[in-house]
Amino acid sequence: MRNEHKRIAIIGAGPGGLTLARILQQAGYEPAIYERAASSAELQQGGTLDLEENTGQKALRSAGLLENFLAACRFEGEALKVTDKQANVFYEEAAKQSTIKSAAGGGRPEIDRAKLSSLLFQSLRANSIRWSHKLMQAVPLEHGRHELQFENGHTDQVDLVVAADGAFSRIRPLLSGENAAYSGVSMIELNIINAAAQFPELAAFNGTGSMFALDDQKTIMAQFNGDDRIRIYLGFSAEREWLDNNGLDYTEPASVKRKLLSLFEDWSEELKNYILHANGPITPRRIYMLPVGHRWENKPGVTLIGDAAHLMSPFAGAGANLAMLDAAELGEMIIHHSDLNEAVQAYELKMFEYAGELAAETQTNMALFFSDQAAQKLGEKMKAIIGGQQI
Ligand SMILES: Cc1cc2nc3c(=O)[nH]c(=O)nc-3n(C[C@H](O)[C@H](O)[C@H](O)COP(=O)(O)OP(=O)(O)OC[C@H]3O[C@@H](n4cnc5c(N)ncnc54)[C@H](O)[C@@H]3O)c2cc1C
């Protein structure tokens with residue numbers, strides 16, 4: 001006996017929630033999908049994501065969407081350059097020709113987050129997402145059931161609630177006393193719209209993928225997106241309140257750019273061009289994380305996937321990949337176990353292992369990015385990784 005007759009709710013329509021919804025729907029389930037945003041247009045869409053073979057791509061294969069992804073992704077986005085503040089190059093990698101449009105997948109090709117979301121939305125049955133449903137709390141009932149209470153007054157009683165509601169999950173407190181805490185890194189996101197058309201020299205310097213300049217405990221991390229935009233994350237090792245106390249008025253782009261240029265005064269002109277040419281939205285971002293190796297005691301009828309389970313900083317590019325892998329692992333367990341609680345337990349045990357490893361790697365990377373001679377160290381690390389892959 002499988003679990004089709006059980007009522008399953010998914011809270012959150014990010015990469016994790018959508019992937020799980022698709023996998024369950026494909027197997028004949030009808031999960032209730034609740035999302036606080038009013039529509040897909042309102043969701044914060046963000047930048048480009050590189051989906052890795054053994055995580056994000058594996059999940060898309062389970063969801064029957066790998067081919068759609070391969071048709072939409074950008075293999076040229078895999079290119080990477082690492083420099084110090086004088087633009088000395090410590091590592092440079094062109095997009096791998098071997099993976100270009102390979103039907104088997106592979107590599108870490110890029111896809112804009114908005115494109116990935118729309119690929120997942122379109123794969124779901126019509127009208128299956130309940131928009132404008134902000135979960136306020138999940139109240140435990142008997143036999144592992146929960147009552148979901150929403151801000152708009154709606155309630156629902158379910159056999160399993162899956163929290164895919166991100167960094168500040170409303171459901172996490174049912175399972176864990178841990179909260180998302182400030183990681184020690186703050187970012188200011190800049191955007192250069194129509195980059196190749198307007199600033200061909202900068203576009204050529206950047207290359208078709210990512211450019212990471214690391215020095216003086218600061219970063220300029222730039223990524224070409226599919227819409228000819230370069231999205232830039234200026235990273236700072238800083239106290240939690242720095243984004244509020246640094247004197248920047250984020251609504252005044254010209255003065256923000258002047259101040260930022262002064263913070264990067266002795267960096268090379270090519271690198272300062274990322275600030276000088278910024279012509280799009282400017283967004284301050286505090287980076288939060290859960291403790292490395294976050295886990296909890298299993299409780300019937302409730303579990304966490306994605307950032308709700310293992311929020312980590314973006315320094316291994318793992319978050320969306322892991323959210324989707326969690327969805328695939330949990331989905332497969334639900335489909336193949338006859339007992340829902342055993343399925344959840346099996347998923348959690350497996351997920352704690354792989355997520356713990358990636359959280360530790362992410363933490364090591366974050367320390368590296370803000371250490372002395374960071375560019376040199378990252379260059380050596382990348383060469384070792386690529387060398388290892390070639391063996
Ligand atoms: C600057 C930056 C760069 C990043 N770059 C990368 C990268 O290159 N590669 C990568 O893999 N990851 C990256 N990430 C991480 C990635 O964005 C997240 O890990 C990923 O989005 C997590 O997916 P999720 O589905 O768990 O949660 P989310 O994407 O956060 O989705 C949660 C959803 O739940 C909804 N929600 C929240 N609360 C409620 C509620 N109470 N009721 C109903 N709905 C609710 C939200 O509206 C949202 O739609 C980056 C993150 C940052 C901050």
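Reckoned from all heavy atoms, side chains included, excluding hydrogens, waters and symmetry mates. Start at 1 and go down the list; that is how both ligands and their atoms are numbered. Along the sequence shown, residues carry numbers from 1.
Between Phe150 and Tyr34, the ring planes are tilted. Angles from 30° to 60° get that label. Between Phe370 and Phe315, the ring-plane angle classifies as perpendicular under the 30° and 60° cut-offs.
Remark: the His310 side chain and the Asp326 side chain contain an N/O donor-acceptor pair separated by less than 3.5 Å.
Listed by number with element, the atoms of ligand 1 under 4.0 Å from a non-hydrogen atom of Leu49 are 6 (C), 7 (C), 9 (N), 10 (C), 12 (N), 13 (C). Within the listing of ligand 1, atoms 25 (O), 29 (O), 31 (O), 33 (C), 49 (O) sit less than 4.0 angstrom from a heavy atom of Gly14. Contact atoms of ligand 1 toward Gly16: 25 (O) (distance under 4.0 Å to a heavy atom of the residue). Close approach of ligand 1 to Ala320 (heavy-atom distance below 4.0 Å) involves ligand atoms 10 (C), 11 (O), 12 (N), 16 (C), 18 (C), 19 (O), 20 (C). Below 4.0 Å from some heavy atom of Gly306 lie the following atoms of ligand 1, by number and element: 26 (O). Counting atoms of ligand 1 from 1 in the listed order, those under 4.0 Å from a heavy atom of Pro15 are 21 (O), 23 (O), 25 (O), 29 (O). Close approach of ligand 1 to Ala164 (heavy-atom distance below 4.0 Å) involves ligand atoms 32 (C), 33 (C), 34 (O). Distances below 4.0 Å separate heavy atoms of Leu43 from the following atoms of ligand 1: 47 (O), 49 (O).
Residue contacts with ligand 1 for Glu189 are absent, since no atom lies close enough (heavy atoms, distance under 4.0 Å). Only the side chain of Ile11 comes within 4.0 Å of ligand 1, judged by heavy-atom distances. At a heavy-atom cutoff of 4.0 Å, ligand 1 is contacted by the side chain of Tyr233 but not by its backbone. Residue-level proximity to ligand 1 for Arg170 is carried by the side chain, the only part with a heavy atom below 4.0 angstrom. Counting heavy atoms closer than 4.0 Å to ligand 1, residue Ala167 contributes nothing at all.
Ion pairing between Arg108 and Glu52 fails under the 4.0 Å rule for side-chain N and carboxylate O.
Tested against Trp267 for a side-chain contact (heavy atoms from CB on, under 4.5 Å), the candidates Asp215, Ile275, Thr83 yield a single pass: Asp215.
Within a 4.0 Å radius of atom 17 (O) of ligand 1, the protein contributes one or more non-hydrogen atoms.
At least one heavy atom of Arg113 sits less than 4.0 Å from an atom of ligand 1. Using a non-hydrogen distance threshold of 4.0 Å, Thr48 registers as a contact of ligand 1.
Considering only heavy atoms from C-beta on, Phe236 comes within 4.5 Å of Ile188 through its side chain. The shortest side-chain heavy-atom distance between Glu189 and Leu234 does not fall under the 4.5 Å cut-off. Within the 4.5 Å cutoff, the side chain of Phe168 has no heavy atoms near those of the Asn179 side chain.
Below 3.5 Å of separation, one finds no N or O of Lys134 facing any N or O of ligand 1. Of the N or O atoms in Leu135, one or more lie within a sub-3.5 Å distance of an N or O in ligand 1. Close N/O approach between Arg285 and ligand 1 is not found [any backbone or side-chain N/O within under 3.5 Å].
Closest heavy-atom contact between Leu271 and Ile220: O-CD1, 3.8 Å. Residues Ala327 and Gly16 approach most closely at CB-O, 3.3 Å, considering heavy atoms.
Atom CD of Glu239 is surrounded by 12 or fewer heavy atoms from other residues, nucleotides or ligands within 6.0 Å.
Aromatic pair Phe352/His294: ring centres not closer than 6.0 Å.
Across Gly319, Pro314, Ala308, heavy-atom proximity to atom 5 (N) of ligand 1 is greatest for Pro314.
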